[in-house]
Amino acid sequence: MHDVRIIRERLDELKTALRARGVEIDVDAIAVLDAERRRILTEVEGLKNERNVVSREIGRMRQAGQDTTERQAYVRSLGERISELDARAHRAEEERDAALLRIPNLPHSSVPVGPDASANVVVRTWGEPRTFPFPPKTHVELCERLNLVDFARGARMTGAGFHVFTGLGARLERALIQFMLDLHTRHHGYMEVSPPFLCNVASMTGTGQLPKMADDMYFVSGDGLYLIPTAEVPVTNYYREEIITEPLPIKMTAYSPCFRREAGSAGRETRGLIRVHQFDKVEMVKFVEPETSYEELESLVRDAEDVLQALEVPYRVVLLCTGDLSFAAAKCYDIEIWAPGQQAWLEVSSCSNFEDFQARRAGIRYRRKDGKTAFVHTLNGSGVALARLFVALLENGQQADGSVVLPDVLHAYLDGMGKIEPKP
RNA sequence: GGAGGGGUGGCAGAGUGGUCGAUUGCGCCGGUCUUGAAAACCGGAGUCCCGCAAGGGACCGGGGGUUCGAAUCCCUCCCCCUCCGCCA
């Protein structure tokens, strides 16, 4: 949530930013609510002052044995007026804040302005897409041929968009999770955490999934909890409502499954592992001092790139334009890997700087050198998302004989196995 | 699930209807002393809101109520602890 002052002091800047994002919000209406609230407050606080003064006077009169009946009746009448005005001010504040919660973050000045993904900018690419002397298969064919994933049984036990990793597929999935966690903890300085996979409304609001994205999440109504769409939610909320005392920056990494309803995208990419309702992901989260957050964003992207370089998967880094930026982000890089079976770039990582947007909503503060408290800046990035990485590894590593060669770095995680071969 | 206890400032911990935004200790900031540090001593400091300011208001887990007046009494919700039950 933004500081209310943005409505009072930076209204034009806010309107420009919302236009760049392609978002329609009547911010003038919020300004009206805010002005009304302030007008009522001025009046009601004068009355409260009067009440406090006279109440103290009643206390003194009683001790002196004087009659206070008339004074009491007077204060009682003040009380009625105060309740009424308090309720109105409260209502205006709630409406104002509910509206503020729906205003997205302001894009950073370095973010290109554009309407949609077509205006995103490729900032660098790594690796050469492999050329095949035979027509490359899709991961769906490879998974079925090598018995790595069972799509039909996943759909039957749960529903469309749910799959079962089987045999070496399950093994490979687990190896990838462990490889990525090891890389981030051993070489990039992250602390590993293993968080809950369900979060409450306050946490979901803190990172910005609520109120806007409610329909995209699975909700457990009996307990009022949401299944996490990303480990960003529990890990960022690790410090919710706290003043952080440990030295910054703080870097955490977590494995979690991610649950997404994908409401509104029915029918798109429904085959295979490209868009599924549950997928595994290793996430990185940082809590940093405001002055350093953009440097930290660059190193976050590099940490994610290291995963792909180690796995020898060709990728490109894309800077999102204002129209493609997610709700809470001020700046975001996507990393996309090349999937030859799909002939497409697949998004496997999103690295964002939220500045103080999430910290303000979640109440995450630190103590500055001058002793004052201030909101931290939060960042997160996938390091990386697994289902699509799985796709790319299979499609990139496939051989003419139908086997799949795995990158060297994984061998140690697979008891030395370097190749998945079809059963005869 | 049942019974009981508890949630107060950065932390610990007093305060059971009136001048309490709140005693005290630790920690923090400034100063004196010291070559420097520690100790000792002196001083300072909560957050938010309204207001140009003077000043005023709110905040003792959240919300509601009683009262002239609530940290203090009542209701309700949330969270934590102890014991019992159930259980991977």
Side-chain angles (χ1 to χ4, degrees), chain A residues 1-9 30-101 194-206 210-211 219-226 234 237-248 250 257 287 289 356 359-376:
Chain A
M1 181 161 84
H2 292 283
D3 190 325
V4 214
R5 279 179 297 200
I6 200 168
I7 295 292
R8 299 175 192 161
E9 297 162 14
I30 304 175
V32 169
L33 280 170
D34 183 52
E36 181 183 337
R37 172 180 165 275
R38 288 200 278 176
R39 188 180 53 71
I40 298 169
L41 273 185
T42 308
E43 185 181 350
V44 74
E45 286 178 2
L47 293 173
K48 284 182 179 176
N49 181 34
E50 176 78 356
R51 177 174 69 181
N52 290 343
V53 168
V54 179
S55 287
R56 275 194 289 267
E57 185 189 337
I58 290 171
R60 280 194 302 272
M61 287 170 73
R62 287 211 169 167
Q63 285 186 337
Q66 294 172 284
D67 176 50
T68 58
T69 317
E70 180 271 330
R71 295 273 78 185
Q72 285 185 34
Y74 172 59
V75 176
R76 191 194 296 272
S77 72
L78 285 180
E80 285 162 15
R81 179 79 180 135
I82 287 170
S83 305
E84 184 193 324
L85 289 173
D86 260 346
R88 277 171 54 194
H90 196 238
R91 216 177 307 128
E93 183 171 344
E94 279 188 340
E95 281 179 45
R96 182 197 71 182
D97 289 347
L100 276 176
L101 271 179
S194 181
F197 300 154
L198 292 90
C199 278
N200 58 29
V201 170
S203 292
M204 288 294 173
T205 307
L210 290 178
F219 181 60
V220 182
S221 61
D223 298 284
L225 298 172
Y226 290 87
N237 279 282
Y238 186 86
Y239 285 113
R240 182 159 58 81
E241 305 299 332
E242 285 193 43
I243 298 169
I244 297 175
T245 52
E246 296 95 280
L248 300 177
I250 293 168
F287 304 85
E289 294 184 65
D356 67 0
R360 191 179 293 282
R361 288 172 156 251
I364 305 170
R365 293 174 293 169
Y366 75 111
R367 208 164 275 284
R368 294 193 314 211
K369 288 177 189 69
D370 63 8
K372 296 273 190 192
T373 57
F375 292 112
V376 299

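Remember, predicted model here, so these are calculated numbers, not experimental data. To find a chain, count down the sequence lines: A is the first, B the second, and so on, and within it residues start at 1.
- Counting to the nearest Å, the P atom of B/C68 and the CG atom of A/Asp67 are 14 Å from each other.
- The partner of B/G18 is B/C68, by the rule that a Watson-Crick or G-U pair needs both atom distances under 3.5 Å.
- Across the strands present, B/G1 finds its partner in B/C84; the criterion is a Watson-Crick or G-U wobble pair with both atom distances under 3.5 angstrom.
- In this structure, A/Arg5 and A/Ala73 both approach RNA chain B, and ranking their closest nucleotides by distance from the 5' end singles out A/Arg5.
- B/A37 and B/C59: their P atoms are spaced 44 Å apart (whole Å).
- Nucleotide B/C48 forms a pair with B/G57, judged by Watson-Crick or G-U wobble geometry with both contacts under 3.5 Å.
- A distance of about 39 Å separates the C1' atoms of B/C41 and B/G57, rounded to the whole Å.
- Looking at the side chain of A/Ile243, the nearest of the listed nucleotides B/C50, B/G10, B/C68 is B/G10.
- Between A/Arg38 atom CZ and B/G57 atom C1' the separation is 15 Å, expressed in whole Å.
- Taking atom CD of residue A/Gln72 and atom P of nucleotide B/G18, one finds them 16 Å apart after rounding to whole Å.
- Rounded to whole Å, the distance from CD on A/Glu43 to P on B/G51 is 14 Å.
- Nucleotides B/U24 and B/A88 place their C1' atoms 47 Å apart, quoted to the nearest Å.
- B/G69 and B/C20 are spaced 13 Å apart, taking the C1' atom of each and rounding to whole Å.
- Per the geometry, CE belonging to A/Met61 stands 17 Å off C1' belonging to B/U19, to the nearest Å.
- Within the 4.0 angstrom heavy-atom criterion, only backbone atoms of the sugar-phosphate kind lie near A/Leu41; the bases stay farther away.
- Atom CD1 in A/Ile40 sits about 13 Å away from atom P in B/G51, given to the nearest Å.
- A/Val376 approaches A/Ala359 most closely through the heavy-atom pair O-CB, 3.2 Å.
- Taking atom P in both B/G10 and B/G4, the straight-line distance is 33 Å, to the nearest Å.
- Between the P atom of B/G62 and the CG atom of A/Asp97 lies a distance of 16 Å, rounded to the nearest Å.
- Using a 4.0 Å heavy-atom distance criterion, A/Arg8 is classed as a sugar-phosphate-only contact.
- The base-pairing partner of B/C41, taking Watson-Crick or G-U wobble contacts with both distances under 3.5 Å, is B/G31.
- Between A/Arg76 and B/C68, a side-chain N or O to OP1/OP2 separation shorter than 4.0 Å is present.
- When all heavy atoms are compared, the tightest approach of A/Arg240 to A/Ala362 is CG-O, 3.0 Å.
- Picking from B/G10, B/C68, B/C49 the nucleotide with the shortest atom distance to the side chain of A/Arg62 gives B/C68.
- B/U23 and B/A14 have their P atoms separated by 15 Å, with the value rounded to a whole Å.
- Heavy-atom distances to RNA chain B give each of A/Thr42 and A/His90 a nearest nucleotide, and the one nearer the 5′ end belongs to A/Thr42.
- Side-chain atoms of A/Ser55 and A/Asn52 include no donor-acceptor pair closer than 3.5 Å.
- Taking atom P in both B/C83 and B/C77, the straight-line distance is 25 Å, to the nearest Å.
- Taking the C1' atoms as reference points, B/A45 lies 15 Å from B/A22, given to the whole Å.
- A salt bridge links A/Arg81 and A/Glu43; the closest N-O separation between the charged side-chain nitrogens and carboxylate oxygens is under 4.0 Å.
- Considering every non-hydrogen atom in both A/Ser77 and A/Tyr74, the closest pair reads OG-O, 2.6 Å.
- One N or O on the side chain of A/Asn200 and one on the backbone of A/Ser203 form a donor-acceptor pair closer than 3.5 Å.
- Pairing each heavy atom of A/Leu33 with each of A/Arg96, the nearest pair is CD1-N, 3.8 Å.
- For A/Leu101, the side chain to side chain contact (heavy atoms under 4.5 Å, CB included) test picks out A/Met1, A/Thr205, A/Pro211, A/Arg361, with sequence neighbours left out.
- Remark: P of B/G57 and CZ of A/Arg37 are 16 Å apart, rounded to the nearest angstrom.
- Aromatic ring pairs are classed by plane angle as parallel below 30°, tilted from 30° to 60° and perpendicular above 60°; the pair A/Phe287 and A/Tyr239 is perpendicular.
- Contacts between residues 44-52 of chain A and RNA chain B, defined by a heavy-atom separation under 4.0 Å, are made by A/Glu45, A/Lys48, A/Asn49, A/Asn52.
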